[in-house]
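Worksheet for the structure shown next.
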Amino acid sequence: MKDRIKILRENSLNTKPMISHQRAILLTEFYKSKDISDYSIPVQRALSFKYILENKDICILDNELIVGERGQFPKSTPTYPEICLHSLEDLDILDSRKKISFGVTDETKNIYQEQITPFWKGKSIREKIFEEMSLEWKNAYYAGIFTEFQEQRAPGHTVLGGDTFKKGFNDIKNEINKEIKNLDFSNYSEAANKREELKAMKIVTDSLITFASRHAERIEEIIQTETIPERLRELESMKAICQKVPAIAPQTFWESLQYYWFIHLGVITELNPWDSFNPGRLDQHLLPFYQNDIKKGILTKEKAKELLQAFWIKFNNHPSPPKMGVTAKESNTYTDFSLINLGGVKEDGSDAVNELTYLILDVIEEMRLLQPGSMIQVSKKNPDNFIKRALKIIKTGFGQPSIFNTEEIILELLRQGKSIEDARNGGASGCVETGAFGKESYILTGYFNLPKILEITLNNGIDLQNGKMIGIKTGNPENFSSFDELMIAYEKQLNYFANIKINGNKIIEQIYSNFLPVPFLSILIDDCIKNGKDYNSGGARYNTSYVQGVGLGSITDELTSIKYNVFDKKNFTLGYLLNAMKTNFQGHETLRLKLTYNTPKYGNDDDYADDITRKVFEIFYNAIDGRPNTKGGYFRINFLPTTSHMYFGSVTGAMPDGRKAGEPLSEGISPVQGADTNGPTSVLKSAAKIDHVRTGGTLLNQKFTPQILSSEAGINGLMYLIRTYFKMDGHHIQFNVVTAKTLKKAKKEPEKYRDLIVRVAGYSDYFVDLTNELQDEIIRRTEHENM
Amino acid sequence: MQARISNIQRFCIHDGPGIRTTVFFQGCLMNCWWCHNPESIFYNDVNAEKFSTKYTPEELLDEIKKDLIFFDESGGGVTFSGGEPLLQPEFLKAILKLCKSNGIHNTIDTTGFCNKNVIEEISELSDLFLYDLKIINNEFHEKFTGVSNKLPLQNLKYLSKNDKIINIRIPLIPNITDTKENILEIIKFLSSLNRKHKINLLAYHRTSAGKYEKYNIENKMKDTKPTSEMKIETIKNEFFSEGFDVKIGG
Ligand code: SF4
């Protein structure tokens, strides 16, 4: 690693995230200016975007090769009061909380008190959402049955496609102009709406060009005082690049990186989408630029690597916008979920691994940064060498890259009705979410607590945590004469809550569509321009809304325990078990051990348990999949938890699998922590028993100690493990390679382990930044040492 | 027909090619001082019952078949180990036949302590032998393993003569098997065989000390330090210079 990269990297690692009030002030100034009410909402949004980009500070650091910051400096993180207005208490909490904190200066607090809060109070999306939600929704939300992604973050979860790299913003403007010209005013109100949206799109296109040229101007100022000839030459190049992109299509490797970076900043300045944004299939998009530059002799492999490293640091400079309350609990991390995709197949279905794939893997290994996240797409057509190279990085123990199944991703997308080309150009983003890159709006709407619904069912609709009736009456389970009756009751409760969730999200979709269009994101995703429709209003070619199931392993073990102990073996009655659960197993330790150790569990390739996994899967699938959303698309399911399995565990009482009240649930489709005792092949067999193809992604976490990866036989073994899981249509697997001993030490002496990155649940995080409970959970997860 | 199986371990990557499932048979007639699975030595007594589960060949096949898809993908299969799998030959024959008819590659991890007719019959059905070679000097062999090495050596010769695929596994036990004399004698013996078989040198670990304690079995190796890495290298080189394909580890 070159010195300049080292300096930038250290700077990025050591800078403390701060709240920046600049965006909030500019936004407020803009909305306070009297004459905006003459404009339509999309145009207002576009003009506010313009105002921010024309007036925000420009930050260019020494040594930088790729420029542009969302805030005033690295890790200075803006707020988005139009969505979520932070109160002074919120700011204090952000400032003082131990984990995932953001420094807040007194100046910021004053400005909030005097300008931001008075103006935005009552106007934020968050307030609108809570006003509109029904009592049933609120009951379920506060009980921890589900979460809501859009209450503090805008709909995002999208990824740039390859086509954008082939055009400049002037070209995009031409497309917009063409659509404006072609508007058919025979249907006046529709055409008028489209005209406003297209006008807004044109404004934001120009705004980003202006933003780039402001960087060119700033670089020119720096040039005036720079004395080192080498840096001067560099600055001249950088200035030329910022004068050119994004207006004109990038032609060189360097230009293409800077081009993407401006786009990225545009998306995350317009709003705070969750996930942020993502260049997607980077090794595919950049390859033509790379090859062309090398052929022309204007780029070396070394220089390309340095540029990529500079690009990597940019992502790490941008923590996810501050989250509060439930949202902070469900996703307790600075990671903003950009997930670089490598490998897979090309549009024509052929092997996509190339020289740049390996170069980017080198960059990932050297940079060891939290952001961006990275993954490899493994197709049966990709060489073994590609997987082995990735495993050698995984071996170093920072949780990247994660591993995905290309063929299965394509099947998922085809099942959802995408064309074969769009499917092959797709991939996974965020943690594990499948999408048609550049063409789809696929929104995660919130986590869904599968075990909690069983708790409600076992109490005939009542939430034991507060004694409130929040579900429906499905009968006193002690009177059930068969296990099937319990399953029917569970299904009814689940359907009830799924309806509440879906109805809520339809309203939330409308709120965003009406009040917060995103013209900038819209110009990037096909076919928003062609449709003259916003990303948030169904303008994209495909529109999917996901509900993420959480605790599949836990719910399986809980139901299995009842079937096995109560109905099949008749070890005790359900009443007896429920009573023990009510006391949190106090005085029932023998029973609890029996439930824990002598009852079949998911993750051991035991059909007794795994058949129940399948049943729960079908119930959840039938409740959600195929229901229309308001954007012309459908609701779908996937299985990932981020950190919500901790939060959901904290609101769920003692359960029939021996889990005590408040303890975490299982995460993703992984077995309950420590329940898998037959080794990894059995875990994979169990996990493959659900039909991954009918999901939009599943998450499987396996923890290995470093020894397994220290021999060639170990690397081969893991490679075959991956290949076999994928042959069974598994979607994703990730490996955490650390020793429990190391983790325990890190927990005790956090300062010595600042750099320890572990795989949490679909993303990597600094171990020392995790909550105590999450740290304990990771320590507990099964270690497959015996190899 | 049933056999006593002490353990079934999946995702084994050091006992033969690919991803394998290793089936540990209960019972062994040897009693090596360094045994890694001391609880699996018991044969035909209450302890044997305590440490094992009975399986019919069909039941065992079902367990093995669970990971068939991993075997197919990786070129793996099943490894029969122990204890001593050849101690229950009728059962072993039956399960080997079932594996054959299901296309599952098999490996037999053995000390070769059995009658000639057993090794002859089993060798017809087996794909690969992992063959333990401990001590050539019979007096020492008897002292440290409890039995004579006459049968193991004879049987090894038989397998080699019949062109069986054999990996020789030599446990390096400090001052017992890793002595200069023993290594030279092993080289001499192996050089006299039909061809130069692959060799794995398995270093002694103290990982099983816990088992001795837990099951209250006398541990004669209690304070033994493992062979030094340098010494292992030297031994490896001795084999190498005699033209053997030799590897440290499984
Ligand atoms: S031959 Fe193997 S199983 Fe038998 S006692 Fe010796 S080391 Fe143990």
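Chain letters run A, B, ... following the sequence lines, proteins first and then strands; every chain starts at 1.
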For [X], is the [atom1] atom crowded, meaning more than 12 foreign heavy atoms sit under 6.0 Å from it?
| X | atom1 | value |
| --- | --- | --- |
| A:Lys744 | NZ | no |
| B:Asp45 | CG | yes |
| A:Lys569 | NZ | no |
| A:Lys380 | NZ | no |
| A:Lys381 | NZ | yes |
| A:Lys388 | NZ | yes |

If you measure from [atom1] on [X] to [atom2] on [Y], what distance do you get to the nearest 0.5 Å?
| X | Y | atom1 | atom2 | value |
| --- | --- | --- | --- | --- |
| A:Tyr725 | B:Phe70 | OH | CZ | 9.5 Å |
| B:Lys66 | A:Asn604 | NZ | CG | 8.5 Å |
| A:Thr681 | B:Arg20 | OG1 | CZ | 13.5 Å |
| A:Asn678 | B:Phe11 | CG | CZ | 14.0 Å |
| A:Arg723 | B:Ser74 | CZ | OG | 12.5 Å |
| B:Asp67 | A:Thr724 | CG | OG1 | 9.0 Å |

Where does A:Asp605 contact chain B at under 4.5 Å (heavy atoms): side chain, backbone, both or neither?
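It is both, since atoms from each part get that close.
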Which region of B:Ile19, side chain (C-beta onward) or backbone (N, CA, C, O), has a non-hydrogen atom less than 4.5 Å from a non-hydrogen atom of chain A, or is it both or neither?
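Only the side chain of B:Ile19 comes within 4.5 Å of chain A.
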Hey, does B:Asp72 have a side-chain heavy atom less than 4.5 Å from the side chain of A:Lys727?
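Yes, at least one pair of side-chain atoms sits under 4.5 Å.
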